[in-house]
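Input: a single structure, listed below in structure tokens.
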Amino acid sequence: MSPLSRLLLASLLVTPWGALPPAFAQGTRPAAAPPAATPAPATPPAATPPAAAPAAPAGEPNPVVARVNGEEIRLEDVISAAAEAMPPELRQVPAATLRSMLPPQVFEQLVDRAISDRALVQAARRDGLDQDPEVRRRLRLAEESELRDTLLRREIIPRITDEALRARYERDAAGRPAEEEVHARHILVANEADARTILQEIQRGANFEEVARRRSTDPASRNGGDLGFFRRGDMVPEFATAAFALQPGQVSPQPVRTQFGWHIIKVEERRNSRGPSFEESRDTLRQTLIQEEVEAAVQRFRSAARIERLDAPPAEAPAPAVQADPPAPARAPQPRR
């Protein structure tokens with residue numbers, strides 16, 4: 001079974017109709033539940049299998065795949081119900097194309113899910129739940145939420161292009177001061193005596209990387225103590241001060257003590273950097289631009305609307321005047337001596 005099939009099954013078929021409302025989970029009746037139209041039979045009748053849908057004409061993009069009490073369920077209905085469980089890149093794929101990607105057993109289970117959903121909705125309508133005030137209120141809120149989100153997506157998504165992201169990156173990078181970075185390796189041990197012994201070994205010509213793999217207790221020992229490039233603020237002050245005092249190829253003349261232990265440091269390179277690359281910044285930039293575009297779009301639509309605020313708090317009564325203390329008498333001038 002393909003990863004797509006497993007994803008759909010896990011998301012849609014493990015809990016076919018979602019979680020029950022909290023009132024059911026607590027063992028109580030939901031508020032304002034309408035009475036049942038007729039008492040339920042002691043033994044439910046055997047389910048009648050739905051009539052088979054007629055074969056779709058060749059090339060039909062949205063064929064009927066089932067009927068429930070004569071109401072049609074089409075291919076797009078089945079695929080739309082599964083859309084939330086799909087990766088974003090598959091949600092725009094035509095239903096007929098996506099249908100061809102699914103194994104038959106997975107598609108049959110999705111159709112069965114759609115049949116069950118339609119039967120439940122029909123039963124709810126027969127019981128008048130679509131006229132229940134609380135249900136209508138929730139439907140209205142869901143409709144408003146979807147309309148709002150769709151409007152913002154339509155306004156914003158076309159603006160979040162690679163060109164816009166790169167332009168924003170270049171603008172931010174141009175205003176960011178260059179910051180010095182060093183590329184260093186280190187060897188970390190628990191006590192000064194071991195650190196001095198290791199430093200003497202390196203000063204006699206031992207390979208720093210080999211000694212780091214053999215003696216260092218830091219996880220970077222697997223890479224010969226390599227810490228990559230870092231800025232001063234990335235390290236504790238004692239380590240940063242020692243590292244930035246070295247030139248490429250130099251080893252710290254004395255062990256450096258920090259809260260983590262004793263270090264021998266070797267600097268490999270120095271450079272000036274303006275921060276992370278465009279590729280490293282892309283996701284953060286995208287989120288920033290989306291947030292800014294949402295705020296701008298909201299302000300545009302608010303500005304175009306006639307808004308009346310009726311819930312403003314009443315104006316506060318002016319604070320009573322505070323009686324000021326009488327001014328102190330002027331001090332008499334002192335006679336000159």
Side-chain angles (χ1 to χ4, degrees), residues 4-5 7-56 60-86 88 90-99 102 104-151 153:
L4 172 62
S5 303
L7 176 62
L8 292 175
L9 283 175
S11 301
L12 298 175
L13 302 175
V14 173
T15 308
W17 300 288
L20 289 175
F24 284 100
Q26 298 168 4
T28 59
R29 293 183 61 192
T38 55
T43 303
T48 302
E60 169 63 46
N62 188 28
V64 175
V65 296
R67 290 192 181 92
V68 178
N69 294 321
E71 186 176 348
E72 294 180 348
I73 298 176
R74 291 185 172 268
L75 175 62
E76 288 185 358
D77 300 325
V78 176
I79 298 302
S80 296
E84 291 301 320
M86 296 179 187
L90 292 178
R91 295 176 189 170
Q92 304 303 320
V93 176
T97 302
L98 196 56
R99 163 69 181 92
L102 296 172
Q105 66 270 25
V106 173
F107 181 72
E108 288 304 317
Q109 291 183 70
L110 294 177
V111 171
D112 190 63
R113 159 74 183 271
I115 290 171
S116 298
D117 285 350
R118 191 63 56 89
L120 289 171
V121 170
Q122 290 179 358
R125 292 185 188 279
R126 286 196 303 271
D127 287 351
L129 292 181
D130 56 334
Q131 302 303 315
D132 180 87
E134 177 61 18
V135 172
R136 293 180 69 85
R137 183 186 71 85
R138 293 202 298 268
L139 288 173
R140 177 178 58 81
L141 292 176
E143 178 186 28
E144 291 176 355
S145 176
E146 183 61 34
L147 287 170
R148 180 182 65 245
D149 293 348
T150 300
L151 174 65
R153 284 195 297 270

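Just so it is clear, the values below take in all heavy atoms, side chains as well, and ignore hydrogens, waters and symmetry mates. Residue indices begin at 1 and follow the sequence shown.
With sequence neighbours excluded, the residues satisfying side-chain contact (heavy atoms from CB on, under 4.5 Å) with L151 are R154, E155, F301. Applying the side-chain contact (heavy atoms from CB on, under 4.5 Å) rule to R118 yields the partners V68, E71, I73, D77, Q122; only residues at least two apart in sequence or on another chain are considered. Every residue two or more places apart in sequence or in another chain that forms a side-chain contact (heavy atoms from CB on, under 4.5 Å) with R153 is listed here: E146, D149, T150, I157. With sequence neighbours excluded, the residues that form a side-chain hydrogen bond (donor to acceptor under 3.5 Å, both in side chains) with E72 are R74. Not counting sequence neighbours, the partners of E144 by the side-chain contact (heavy atoms from CB on, under 4.5 Å) test are R140, L141. For D130, the salt bridge (charged side-chain N to carboxylate O under 4.0 Å, His left out) test picks out R125, with sequence neighbours left out.
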Stepwise side-chain contact (heavy atoms from CB on, under 4.5 Å) check, V65 with R99
CA-CA 12 Å; V65 296; R99 163 69 181 92; over 6 Å; no

Give the intermediate values and the outcome of side-chain contact (heavy atoms from CB on, under 4.5 Å) for residues R148 and S145.
CA-CA 5 Å; R148 180 182 65 245; S145 176; 3.4 Å; yes

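The line from CD of E108 to CG of L102 is 11.0 Å long, rounded to the nearest 0.5 Å. The CD1 atom of I115 lies 12.0 Å from the CG atom of L120; values are rounded to the nearest 0.5 Å.
Looking only at distances, no side-chain donor or acceptor of D127 sits under 3.5 Å from a matching main-chain atom of L129.
The two atoms that bring P61 and L75 nearest to each other are O-CD2, 3.9 Å, heavy atoms only.
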